Every structure is written in structure tokens, then in C-alpha cells.
Amino acid sequence: MLDINLTGAWHTVKAAVPHLIAGGRGGAVIITSSAAGLRGYPNIAHYVASKHGLVGLMRALALELAPHSIRVNSLHPTQVETDMILNDAMYRLLRPDLDSPGREDMAAASRAMHALPVPWVQAEDVTNALMFLASQESRYITGVALPIDAGCLVK
Amino acid sequence: MSRLDGKTALITGAARGQGRSHAQVLAAAGASIIAIDACAPNPAVAYDMPTAADLEQTAALVEEAGGKVHYAIADTRDEQAVAAAVAAGVRELGGLDIVVANAGIYPFGFAAHEMATADWDAVVSVNLTGTWQTCKVATPYLLESTRGAAIVIVGSTAGINGAPRSSAYAVTKHGLKGLMTTLALELGPRNIRVNSVIPTAVDTPMCMNEKVYRAFLPDIDHPSEEHIRAAFQRVHVLPTPWVEPEDVSRAVLFLTSEDARFITGTELKVDAGYTIK
């Protein structure tokens, strides 16, 4: 978990940042963390630790790269409707009370975690936030953790 | 690019500065604008407050940007006045979908233990009570919206860190986080999103004035522009002394658009890295 989520992200940044600096035009780094990067969830400590770690990486990089006008921010999605979330292991994680939970059982539990009346968000919603952070629309936004979380962090 | 076609946005503190910029940017994105402002002096602040002529200028700029506009002089401390202005705006423009609670004042200069009660009350009544009343008046209309409703409350980096010699300002901006998160919880089930933008110093008359310069540069009587730029630069990690009103407006546009349809309860910082430094 840490190898991929945390060390892998660092390797990615390490390989890419010299090119951003060499370009001399500033730039933007966007790290995909998770709502689990800003709060705890039971029974996935390794995932939570890796996603919190990414916030530390984001903040350190934001300080280090700002003199080059390279902005560094992170995205914090709640459940996104993808195969990573919609599978039996996740159904069982969110519905330990059921013997063989399915998609709708998870949807009910997931919806209850959110302030907005939705069980999950779409990949496109995360992309929209990424587009904002990658564009000049956010030219003075750096070091920010942006949730796309249907309000689960305030609930 | 985010669009707000067919939507109506209420913007408080719209006569100039950030509020005017929000009105222009949201109008350019297709929104109709209800622009209100107190347009009156406030004894608690050292800088000049906007005038009715400023608000008229905002209305003209909204129309120039292609938007319809209803504007009215209304002080957010006066719930009845805000209610009347919003009702008239909704009648004229049709419905209400977006609220940008921007009106605020920035008194400066006294330590918390030296501040007069009247000055404390002046800040709390505009920045905190006025913002609550704006949201209170607008929410029944937002509940009727079928086009995706959103509130953006304008906070400040002083709502995250302390602000020496501006304690009441810091207190109210911290308080707005409590209002924002609570509204997000209360209105989320009705599909209304509530978020904050958190600007650092913005190039507006509220921030860029002699009193603020003196606080940043206590040892220099008449600081040059170079002195001022260097002093403001020191609090940021990005190489900029301040941000422009449009930079905050871009964040407001993102948060109020369908691009952010599942973002609620969030503080979006437009702070050039101030709060991570």
C-alpha cells in the first residue's frame, strides 16, 4: 500500500519535476489523495496512512517548488464510481453487518456518510477539480487540499 | 470553462473590490446578478467605504459583461432591507440559485485588549451577523431552485491563522467556518452546496491602504511601492505580493458551477501559499 500510494507518488513527482523546472514556465502538480487523507476510516489504516502521507508530500513540494512558480495541490475524493470501489471487498468493508452485501447495500451506507444526497461521485467530477487546479484559473492556489467529497469531511 | 447560464446570483458587498469582480465574472459566465451593498461610511474602518456611484458602476460592468442586473443599496446588518432587495431582484430576474456572501469590513490597529466594544461589535455585526442574515434571507429561494444551488461565503486567511491587531476580523472569519460547515450539513440533503473561499491579501481598497501598510511596515513612515511589495511577498510562497480580485472570482465561479457539483463544506484557499508557510 505504501509502496504504490506514497512511494510511487514520490517517484512520479521526482521523475517529472526536473522537467517542469527546466520548462521555465511554472507549472502545476496535482496529487490524488482521498477523503481518507484528511480523516480516518476504520480497518484500512494502511490506506489512510498512505493518503495522509500524500498531504505531507504535497505541502512540502508546494514550499519547495513555489519559487519556480510551480503550484502543488491535492485532490480528496470520497467514493468514486469505479472498479476500485464497486467490488465485493468494498461492499463487505462498508457493510460488515450483512452476509453477502451488494452494490445497493454499499450505496445506502455510502450515502449516509455524505452531506449531499449521493452515494458516490463520478470520475468526471474529480477531473473537473483537476482541470481547475491545472489551469491558470487557479494561478495563486498552492498547498491546498481540495475535497470532492459530497460533504463527508464535515459530516 | 464553467458556465452559469440561466442562473441568478446574489452578491453582497458588490459595489467594488472583490464583490464587483465576482459580479463581472459570474455575469460573463452567463448568470444574472442581484448586486447589493451598504454604500455608506462605517466609523469602524479607516478606509473609504464604497458609494452609490460605485454600485451603479458595478451594475454597468455587469451589463457590459452580458448579464442582467438588479442592484439595490442594502446593508447586510439590516435583515429587512436585504429581504426586500432580494425579493425585488428575484421578481425581476426570476429565481435565485447562487449566493456569494462577500460583504465584510476590515478594521485594523488595536490589540484585542485595547479594542473598544463598539469596534468589536461593528465587525461582528457586518462580517458574521450580516453574512448569516444574507444566507437566512436567501435560503428559502435556493430551496426552490431546480438548477443547482450553491452558497459561497468569503472567508480569509485570518479565518485560519490569527491576525494580530485585527482580532475581531480574525474571530469573525473563523466564525464563518462554523456557519459554512453547519449550512453545508443543514442544506446538503436539499442538494444545496455551501463552501468558502479563503483569500490572502487582495489588491482592493480594503486591503491596500495606508493603515495596512503601516501595520506591515511599522518602521517606515511613507513606504514606497517596493517596500510594500516586499513586505507582502514575505508571507507568500508563490512569487506574488498579493492576488487580484479576479483570482478569487475564478474560485467562486468554480465552486458555484456544476464542475463542483459534489464539493460542499470546503474551504478553498486562494492564498499564494500563505497558510502553509
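Note that this is a predicted model, so its numbers are computed, not measured.
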Looking at V270(B), D271(B), T264(B), which makes the most heavy-atom pairs under 4.5 Å with chain A? T264(B)
Begin from the C-alpha positions of E246(B) and R250(B) and carry the test salt bridge (charged side-chain N to carboxylate O under 4.0 Å, His left out) through to its verdict. CA-CA 6 Å; E246(B) 301 85 70; R250(B) 296 286 160 198; over 6 Å; no
Heavy atoms from other residues, nucleotides or ligands near CG of D83(A) exceed 12 (cutoff 6.0 Å): no
Please look at L238(B) and chain A and tell me whether the side chain, the backbone, both or neither of the residue comes under 4.5 angstrom of a heavy atom of that chain. both
Cation-aromatic face contact R39(A)/Y41(A), 6.0 Å, 45 degrees: yes
Between E144(B) and R190(B), does a salt bridge (charged side-chain N to carboxylate O under 4.0 Å, His left out) hold up when you go through it step by step? CA-CA 10 Å; E144(B) 297 295 313; R190(B) 308 291 296 272; over 6 Å; no
Most heavy-atom pairs under 4.5 angstrom with chain B, which of D125(A), V144(A), T127(A)? D125(A)
Check the angle between the aromatic planes of H236(B) and Y274(B) and answer parallel, tilted or perpendicular using the 30° and 60° thresholds. perpendicular
Verify whether one side chain among D149(A) and T78(A) offers a donor that lies under 3.5 Å from an acceptor in the other. no
Any side-chain donor-acceptor pair under 3.5 Å between N102(B) and T12(B)? no
Max heavy-atom pairs within cutoff under 4.5 Å with chain A, candidates P189(B), A184(B), G273(B), goes to P189(B)
The interface call for A251(B) against chain A, heavy-atom contacts under 4.5 Å, is both
Shorter than 4.5 Å, heavy atoms on both sides: which option in V72(A), V118(A), N73(A) has the most such pairs with chain B? V118(A)
Between L146(A) and chain B, which part of the residue has a heavy atom less than 4.5 Å away: side chain, backbone, both or neither? side chain
So which part of V121(A) gets closer than 4.5 Å to some heavy atom of chain B, the side chain, the backbone, both or neither? both
Among T266(B), T182(B), T181(B), which residue forms the greatest number of heavy-atom pairs with chain A at distances under 4.5 Å? T266(B)
For T142(A), is it the side chain, the backbone, both or neither that has a heavy atom under 4.5 Å from a heavy atom of chain B? both
If one checks every heavy atom of I192(B) against chain A at 4.5 Å, the contacting part turns out to be backbone
If you tally heavy-atom pairs under 4.5 Å against chain B, which of P147(A), G143(A), C152(A), G151(A) wins? P147(A)
Which of E244(B), Q24(B), H22(B) passes side-chain hydrogen bond (donor to acceptor under 3.5 Å, both in side chains) with S249(B)? It is H22(B)
